[in-house]
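Structure first, commentary second.
Because the structure is a prediction, the values reported are computed rather than measured. The figures that follow rest on heavy atoms only: side chains count, while hydrogens, waters and symmetry mates do not.
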Amino acid sequence: MKLIIAIVQDDDAGDLLESLTEAGFGVTKLATTGGFLKAGNTTLMIGVEEKNVGKVISHIEEVCKTRKQVITTPSSVASSTGVYMPYPVEVEVGGANIFVVDVDKFVRI
Ligand code: 2BA
């Protein structure tokens, strides 16, 4: 058995949850925060048989879109001059970041 941990954007999470549950996969949704943007994102945990890993990744590929996000960051002169000069930086946030990990044991009580 494998555990798929997929970090996706909040905007895609609802559709992906629906797509996976309709296909019969068990999913747990966690509200998470990205370390870099410090903005909300969604982490889905999906436990599957190894043969279904590809199917789950196909669902994620179908639903999750790459988007550009603009963040405002202080300029490097801020620390030397004490003057705060925020400037916008555009980053591309991935459709999904996916980890597939081995599950030693799965117990359902
Ligand atoms: P964040 O950490 O908020 O990162 C959002 C986006 O900012 C990233 O998109 C990337 O394009 C950019 N970014 C991140 N760190 C950066 C840096 N040091 N310098 C410049 N740009 C940077 P993604 O790579 O698609 O990541 C989306 C979210 O997936 C991340 O949100 C984080 O929550 C998660 N993530 C990505 N890689 C991860 C990893 N290796 N381990 C755990 N979580 C990860």
Side-chain angles (χ1 to χ4, degrees):
M1 189 177 201
K2 299 281 184 184
L3 178 65
I4 300 172
I5 302 167
I7 303 156
V8 304
Q9 296 179 55
D10 287 346
D11 288 345
D12 296 325
D15 288 346
L16 181 58
L17 202 65
E18 206 175 302
S19 162
L20 289 169
T21 48
E22 267 175 20
F25 294 109
V27 188
T28 296
K29 175 175 175 273
L30 305 169
T32 45
T33 303
F36 185 69
L37 295 180
K38 296 177 180 55
N41 54 26
T42 298
T43 299
L44 299 181
M45 296 197 304
I46 310 137
V48 291
E49 292 307 320
E50 194 163 354
K51 64 177 166 52
N52 286 326
V53 169
K55 284 186 199 159
V56 170
I57 291 175
S58 298
H59 279 272
I60 298 171
E61 275 171 347
E62 240 168 67
V63 174
C64 297
K65 307 276 177 285
T66 299
R67 292 185 184 84
K68 288 191 184 338
Q69 215 162 313
V70 177
I71 55 164
T72 305
T73 174
S75 88
S76 52
V77 295
S79 55
S80 54
T81 62
V83 180
Y84 219 57
M85 288 176 60
Y87 65 97
V89 174
E90 194 175 69
V91 290
E92 193 167 87
V93 185
N97 285 270
I98 305 168
F99 300 87
V100 180
V101 297
D102 289 328
V103 174
D104 282 344
K105 197 173 176 177
F106 171 62
V107 182
R108 205 156 166 226
I109 295 165

Find out if a path of hydrophobic residues (ILVMFWY) with successive side-chain heavy-atom gaps under 4.5 Å connects [X] to [Y].
X	Y	result
M1	V48	no
V63	V56	yes
I7	F36	no

So, for [X] and [Y], which heavy atoms are closest and what is the spacing to 0.1 Å?
X	Y	value
T72	P86	CG2-CB, 3.3 Å
P88	V70	CB-CG1, 3.7 Å
C64	G95	CB-O, 3.0 Å
K38	T33	C-CG2, 3.7 Å
L3	G47	CD1-N, 4.0 Å

What donor-acceptor contacts under 3.5 angstrom involve side-chain atoms of residues 12-21, with partners at least two apart or in another chain?
from, atom 1, to, atom 2, distance (Å)
D12, OD1, R67, NH2, 2.8
D12, OD2, K65, N, 3.1
D12, OD2, R67, NH1, 3.1
S19, OG, H59, ND1, 2.7
T21, OG1, L17, O, 2.7
T21, OG1, E18, O, 3.2

Considering only distance and modelled atom types, tabulate donor-acceptor pairs under 3.5 Å from the side chains of residues 98-107, sequence neighbours left out.
from, atom 1, to, atom 2, distance (Å)
D102, OD1, K2, NZ, 2.3

*Any side-chain heavy atom of M45 within less than 4.5 Å of one from I4?*
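Not in contact.
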*Positive for side chain to side chain contact (heavy atoms under 4.5 Å, CB included) with I46, one of T28, V27, I5, N52*: V27
*If you measure from CG on D11 to CG on N41, what distance do you get to the nearest 0.5 Å?*
11.5 Å
*asked:* Between Q9 and V93 (side chain of the first, backbone of the second, donor and acceptor by atom type, cut-off under 3.5 Å), is there such a pair?
replied: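 A pair under 3.5 Å: yes.
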